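The structure displayed is predicted, hence computed values, not measured ones. Reckoned from all heavy atoms, side chains included, excluding hydrogens, waters and symmetry mates. Every chain is numbered from 1, with letters handed out A, B, ... down the list of sequences.
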Number of protein chains: 2
Amino acid sequence: MKTIKPICRGQLSFIHPLVTTTAFFFLTILFTTNIMAQEKSQMVRLAKIKVDALQLEKYNAALKEQMTTAIRVEAGVLTYYAVADKKDPTSITILEIYADTAAYNSHITTPHFLKYKATVKNMVTSLELVDVTLIASAKKEGMESSTQ
Amino acid sequence: MKTIKPICRGQLSFIHPLVTTTAFFFLTILFTTNIMAQEKSQMVRLAKIKVDALQLEKYNAALKEQMTTAIRVEAGVLTYYAVADKKDPTSITILEIYADTAAYNSHITTPHFLKYKATVKNMVTSLELVDVTLIASAKKEGMESSTQ
């Protein structure tokens with residue numbers, strides 16, 4: 001009958017530190033390349049919107065609901081920032097980041113997006129969509145989500 | 001000699017659940033109000049920049065360095081997103097969020113910001129600063145920082 005020898009700690013020393021370092025190096029490259037590929041495929045957009053002043057409050061409420069729902073339920077909707085010009089709060093700019101074009105195409109068929117579009121149809125007086133590339137972003141940690 | 005009686009678990013039952021609930025309620029309000037006050041004081045801005053096409057690469061490098069340094073070393077610099085128009089990459093928009101006006105006023109006196117301003121002086125052909133208010137933002141977790 002064979003006896004099973006337990007593997008002792010010392011026996012693992014045949015894994016040369018060079019092997020560990022090399023493996024770590026390649027895993028890091030793989031991981032970084034993956035992140036870069038993900039970012040390269042992202043769809044980033046600025047939506048420039050003019051809203052009827054009399055319906056601004058209702059518009060902002062509908063916009064917030066659309067944004068928070070999309071971020072919560074859609075995996076490919078990554079980031080939204082909606083800002084209003086201080087001198088003219090009816091001039092709104094939205095920065096939108098989607099995982100890729102497919103995520104965006106799926107987004108515009110969702111019930112919450114269609115509801116938003118139907119709600120704001122007669123509130124939006126002009127809409128300009130500008131496709132952009134992200135040069136860079138940098139943020140403090142813990143700035144995930146906020147509404148005012 | 002007095003004997004010290006250990007406090008047993010059952011003895012804490014004099015803290016009525018209502019007291020706990022009320023304390024929790026007020027703490028939540030306090031916390032939420034604090035967050036809202038912090039957000040209300042934030043300074044949010046869109047910088048619209050036109051860059052000399054021949055110096056675009058150098059400009060983008062200087063911008064990235066300024067952004068990442070400011071986020072790393074300045075407590076009051078919270079968020080930057082820099083995007084370039086796909087049809088005209090010399091048209092750049094930067095979304096900037098500072099903790100408050102004091103944080104911004106301090107930011108523009110820092111060595112990294114002054115270095116950026118000196119570097120890009122002859123690269124920027126026009127600059128428009130638009131003060132805005134944040135209507136809402138929503139993000140997936142783990143989207144802290146990225147450059148492309």
Atom of [X], atom of [Y] and distance for their closest heavy-atom approach:
{"X": "A:Lys140", "Y": "B:Glu74", "result": "NZ-O, 2.7 Å"}
{"X": "B:Lys64", "Y": "A:Ala136", "result": "CG-CB, 3.7 Å"}
{"X": "A:Leu46", "Y": "B:Thr93", "result": "CD1-OG1, 3.8 Å"}
{"X": "A:Ile135", "Y": "B:Val83", "result": "CD1-C, 4.0 Å"}

For this session: Name the option with the most non-hydrogen atom pairs under 4.5 Å to chain B; the candidates are A:Leu63, A:Asp85, A:Ile92.
Result: A:Asp85
Among the clusters formed by ILVMFWY side chains lying less than 4.5 Å apart, do [X] and [Y] turn up in the same one?
{"X": "A:Tyr98", "Y": "A:Ile108", "result": "yes"}
{"X": "A:Val73", "Y": "A:Ile97", "result": "no"}
{"X": "B:Leu114", "Y": "B:Val120", "result": "no"}

For this session: Look at B:Ala70, B:Ala84, B:Ala75 and state which one has the largest set of heavy-atom pairs under 4.5 Å with chain A.
Result: B:Ala84
Measure the spacing between [atom1] of [X] and [atom2] of [Y] and express it to the nearest 0.5 Å.
{"X": "B:Asp131", "Y": "A:Lys87", "atom1": "CG", "atom2": "NZ", "result": "8.0 Å"}
{"X": "B:Lys86", "Y": "A:Arg45", "atom1": "NZ", "atom2": "CZ", "result": "10.0 Å"}
{"X": "B:Ile94", "Y": "A:Leu95", "atom1": "CD1", "atom2": "CG", "result": "12.5 Å"}

Exercise. Taking C-beta and beyond as the side chain, do B:Tyr81 and A:Val44 meet within less than 4.5 Å on heavy atoms?
Worked result: no
